[in-house]
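As structure tokens, the structure follows; a few thoughts come after it.
Note that the numbering runs from 1 along the sequence shown for the chain.
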Amino acid sequence: MYKSSLIIKNDYMSFKEQFTAMRDLYMKNGQGFVLVYSITAQSTFNDLQDLREQILRVKDTDDVPMVLVGNKCDLEEERVVGKEQGISLSRQFNCAFMETSAKAKINVVDIFYDLVRQINKKSPEKKQKQKKKSLCVLL
């Protein structure tokens, strides 16, 4: 029994290390991020500071498009993280904030519209003027 537990633990640690490496790679290549917490679970809110710091460290900049999202706004009666806490944290992070419900489809699309707007504002598409090709005609 002990031997099996040890093997499972080692496999878990190996998976965790691989996952961390993949997460860093996604962060490095990502242009924008949605930081989501559940309004019904304080621990998910508490983890956001470390997650944001990791993103900024991996990206090596303080200017990263982000949206802070409090999910499960349809479960108001189970709320443990106040909306004011989310607003305050978004001000600290200098990012947009909204509350959503994936289940009830409230504000879900708006998150991505906002994030794409931020990304486009940060690095606008450079419109290249197409040069007209001059034609040479020989008679």
Side-chain polar contacts of residues 57-71 - donor-acceptor pairs under 3.5 angstrom, sequence neighbours left out - could you list them?
residue : atom : partner : partner atom : Å
Lys59   : NZ   : Lys28   : O            : 3.0
Lys59   : NZ   : Gly30   : O            : 2.6
Thr61   : OG1  : Asp63   : N            : 3.2
Asn71   : OD1  : Thr100  : OG1          : 3.0
Asn71   : OD1  : Ala102  : N            : 3.2

Just distance, no hydrogens or angles: give the donor-acceptor pairs under 3.5 Å from side chains in residues 106-116, sequence neighbours left out.
residue : atom : partner : partner atom : Å
Asn107  : ND2  : Glu99   : O            : 2.8
Asp114  : OD1  : Gln118  : NE2          : 2.6

Between [atom1] on residue [X] and [atom2] on residue [Y], distance to nearest 0.5 Å:
{"X": "Glu53", "Y": "Leu56", "atom1": "CD", "atom2": "CG", "value": "7.5 Å"}
{"X": "Ser38", "Y": "Glu78", "atom1": "OG", "atom2": "CD", "value": "8.5 Å"}
{"X": "Met27", "Y": "Leu25", "atom1": "CE", "atom2": "CG", "value": "11.0 Å"}
{"X": "Tyr26", "Y": "Ile55", "atom1": "OH", "atom2": "CD1", "value": "14.5 Å"}

Which donor-acceptor pairs under 3.5 Å do the side chains of residues 85-94 make with protein atoms, sequence neighbours left out?
residue : atom : partner : partner atom : Å
Gln85   : OE1  : Gly82   : N            : 2.8
Ser90   : OG   : Ile87   : O            : 2.8
Gln92   : NE2  : Gln49   : OE1          : 3.0

- Task: Check step by step if side-chain contact (heavy atoms from CB on, under 4.5 Å) holds for Arg52 and Leu35.
- Result: CA-CA 8 Å; Arg52 180 176 176 271; Leu35 303 180; 4.1 Å; yes
- Message: Determine whether Phe97 and Lys83 satisfy the following criterion, side-chain contact (heavy atoms from CB on, under 4.5 Å), listing intermediate values before the conclusion.
- Response: CA-CA 10 Å; Phe97 169 75; Lys83 188 171 186 175; 4.0 Å; yes
- Task: List the steps, then state whether side-chain contact (heavy atoms from CB on, under 4.5 Å) holds for Leu48 with Val36.
- Result: CA-CA 8 Å; Leu48 293 175; Val36 183; over 6 Å; no
- Step-by-step side-chain contact (heavy atoms from CB on, under 4.5 Å) determination, Lys72 to Leu75: CA-CA 6 Å; Lys72 299 186 180 182; Leu75 300 177; 4.0 Å; yes
- Item | Pair Gln42-Asn46, side-chain donor/acceptor within less than 3.5 Å |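 Their side chains do contain a donor-acceptor pair, which is all the 3.5 Å distance test asks for.
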- Query: What's the shortest heavy-atom distance between Asp74 and Ala104, and which atoms?
  - Reply: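 Looking at all heavy atoms of both residues, the closest pair is CB-CB, 4.4 Å.
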